[in-house]
Protein chains: 2
Amino acid sequence: MTEKRKLTLKDIARELGISISTASRALKEHPDIAEDTIRLVKAYAEKHHYVPNTLAVNFRKNRTFNLGLIVPELVHHFFSTVISGAIDTAKKNGYNILVSQSNDILADEVMACRTMLASSVDGLLISISNETVEGVHLKEFLEEGKPVVQFDKITDHLNTPKVIVDDFNGSYMAVKHLIGQGFRKIAHIRGRTEVKNASERAMGYKQALLDHGLELREEWVKGCKLIHEQEGYDFCKELMESKNPPDAIFCITDLVAMGVLKYLKEKSIQIPEQVGVMGFSNWKLAEIVNPGLSSVDQHGYEMGQKAVLKLIDLIKNHDVENDEIIELKTNLIIRGSTTSTKNSDKVTLQ
Amino acid sequence: MTEKRKLTLKDIARELGISISTASRALKEHPDIAEDTIRLVKAYAEKHHYVPNTLAVNFRKNRTFNLGLIVPELVHHFFSTVISGAIDTAKKNGYNILVSQSNDILADEVMACRTMLASSVDGLLISISNETVEGVHLKEFLEEGKPVVQFDKITDHLNTPKVIVDDFNGSYMAVKHLIGQGFRKIAHIRGRTEVKNASERAMGYKQALLDHGLELREEWVKGCKLIHEQEGYDFCKELMESKNPPDAIFCITDLVAMGVLKYLKEKSIQIPEQVGVMGFSNWKLAEIVNPGLSSVDQHGYEMGQKAVLKLIDLIKNHDVENDEIIELKTNLIIRGSTTSTKNSDKVTLQ
DNA sequence: ATGGGTTGTGCAAACGATTGAAATTTTTAA
DNA sequence: TTAAAAATTTCAATCGTTTGCACAACCCAT
């Protein structure tokens, strides 16, 4: 192999007959160094393609410009959008992102954290698994003075900044829209009680009904365990076969809504004439299905951006105790599944 | 902040009254070191939670156990599946993955490569952008003795191992299946000529028609530029409105197929009775739409695994000049869009 | 006891860049 | 002319770990 030995400061110093420290400072235009020397060194470095040895610099400075990022699931439209935003923003600021996934399994999450801590990331971005409660593995980061920023799925047990979506409001606006469209018997297929996002959305749903004088029937609220399409299908069946079927279904997420759509189509129930359907998250497929699925956009890309910027901020300020909450607004995206008109334009409320 | 100073070998040596080198060797059970000493040092290290400073080790050994991974687009079902496989496999082998995206823009790709090279990854996994041809930025890796493995979208200008999908055969089997289902006038919405995968698929399509004595009409082959849903919609419209409309459409990818489905549904053309539709890639949405979209699974997860294993292999063997080709088999996934029966089971040919 | 092997341990030099403090040279001012 | 000040440059330690080599201690067979 070629593997040419890399040029080091020592080489430059020897060739130019100066000391290593002068070479080092010259390259960073240190005010102590004479203009002439700076020019000389820089020219030489340029000509011979000197690149500082990152490993050495990182070791010396005890940092890597790498950030860890852990999500429950990588193959997931929302999370991959967040990652995309995180990576682009990190790159702009000279940081790299190390990605890992927990598969919603605590043990995997702990493992991923350990590996990242060991590989010396400068900070961590994490959306915790459903199984995570206390998060001792995250405290290990803080104890080493490495900041952590939580996003989307968070725990309050940890004193870190959190970037979240205004689930309550997004949900509220979605249901308000349904009501505005004339739907009166609105069901909700929700997620697990222990998961904060799910609870917030359920609360937004309830509040909207309350504020508009609609009845809140417990039998119209169904709880998913896994948030799978099949659950949407099954609950929809249950709802539609009940004595008092709803005229609209608001789903915890688009995937569940897909199951709902599938059932309704199979039974030739008209959407939205007979039953309106509202999703959440605005996955790619929401715009592809027919009719288009109304949904709530969570601005995943922006979430990734904000989280990274916050993390870099903490790193720069050696700030570890900070529990600021950054809440992103949601966008209601109205499509055919909730409007009889063929309007599939983006509509933003508020 | 707490930020307790970390325990180092020096500390251990001082406390135990031995030398740093002995401590170092004891921890790795070097045969030169006496059993007693090893026990002593290990016990102390254990008790005080000694963790070697990765930065120092990496610097000393000139490696990081980090691998770079660059894809054209992160928010993309296939690529995120590949990444998922890559990350899981890397983790199992003690490596981390640094992810970046090129957005199919050469300049971005070059930038991403530079950053990764600078941050000292031990090797690179890349699926090149549409704009990449020569890949001088990739040669920089090889020149530094850092191995590169290409996957999915590859260039032959570079002497590296390549992990690809047997596009030709996958396409061939897909079209063969259509023929077996009785379709005779099969159209193909293909990708750009310069992109290898697209060409392979188009060739598989043609070969299948040829081998079964079907006519190959140029007017039935349409070329996408961007591989967007809208293109599928538009080309489908063109095809169906032509004098001699096809009875089946084989699409370069599922997203394009979605556009096709959309048009057909709008025109109330029965799928698959009037027109069969076949996608490629087996995205999540292929199983969600109604009827289910038949597609060709590319085993993205496995591709990620194989690519990482190959890369680690190269790293371990200091092997940089190697252009082995690892070709993965595809799976034909048959769903409702190509079969009149309600069979949506997974069927594997060959 | 003495030379030749083991066996176990320590010394010190790397790795490449950074940085406080000391040393040198140049400039300024009295 | 010369001391003080300013401008440059160099020295040397440091970051934490690894590793070739020297050294010491011990045992055994002459």
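In what follows, chains are A, B, ... by sequence order, proteins preceding strands, each numbered from 1.
Evaluation of the ring-ring contact (aromatic ring centres under 6.0 Å, His included) test over residues 88-132 of chain A, restricted to residues two or more places apart or in two chains, returns F65(A)-Y95(A). Among residues at least two apart or in separate chains, salt bridge (Lys or Arg N to Asp or Glu O under 4.0 Å) pairs with a member in residues 112-131 of chain B are R114(B)-E140(B). Screening residues 69-87 of chain B for side-chain hydrogen bond (donor to acceptor under 3.5 Å, both in side chains), with sequence neighbours left out, gives Q101(A)-S84(B). Applying the salt bridge (Lys or Arg N to Asp or Glu O under 4.0 Å) test to pairs two or more places apart or on separate chains, those with a residue in residues 155-165 of chain A are D156(A)-K196(A). Within the structure, salt bridge (Lys or Arg N to Asp or Glu O under 4.0 Å) contacts touching residues 7-18 of chain B (residues at least two apart or in different chains) are R5(B)-D11(B), D11(B)-R14(B). Pairs passing the salt bridge (Lys or Arg N to Asp or Glu O under 4.0 Å) check and including a residue from residues 77-98 of chain B, sequence neighbours excluded, do not occur.
For DNA chain C, the outermost nucleotides in 5' to 3' order that have an atom under 4.0 Å from a heavy atom of chain A are dC15(C) to dA21(C).
Less than 4.0 Å separates DNA chain C from at least one heavy atom of each of the following residues of residues 11-20 of chain A: I20(A). Taken residue by residue, residues 37-61 of chain A places heavy atoms nearer than 4.0 Å to DNA chain D at T37(A), F59(A), R60(A). Against DNA chain D, the stretch residues 27-35 of chain A makes heavy-atom approaches under 4.0 Å through D32(A), I33(A), A34(A).
Whole-Å rounding puts the L9(B) CG to dC15(D) P distance at 13 Å.
Between atom CD1 of residue I97(A) and atom CG of residue L125(A) there is a gap of 5.5 Å, rounded to the nearest 0.5 Å.
Residues E302(A) and K306(A) are paired through a salt bridge, judged by an N-O separation under 4.0 Å between the basic side chain and the carboxylate. A salt bridge is absent between D313(B) and K316(B): the closest approach of a Lys/Arg side-chain nitrogen to an acidic carboxylate oxygen does not fall below 4.0 angstrom. Checked for salt-bridge contact, R39(B) and D36(B) meet the test: a charged N lies under 4.0 Å from a carboxylate O.
Note on the helix from dA1(C)-dT30(D) to dA30(C)-dT1(D): terminal axis deviation equals 70°, with five pairs used at each end and the result rounded to 10°.
In this model, a side-chain donor or acceptor of R25(A) finds a partner on the base of dT10(D) within 3.5 Å.
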Ignoring hydrogens and angles, write down the donor-acceptor pairs under 3.5 Å from the side chains of residues 17-25 of chain A, residues two or more places apart or on other chains.
unit_1	atom_1	unit_2	atom_2	d
S19(A)	OG	S21(A)	OG	3.2
S19(A)	OG	T22(A)	N	3.2
S19(A)	OG	T22(A)	OG1	3.0

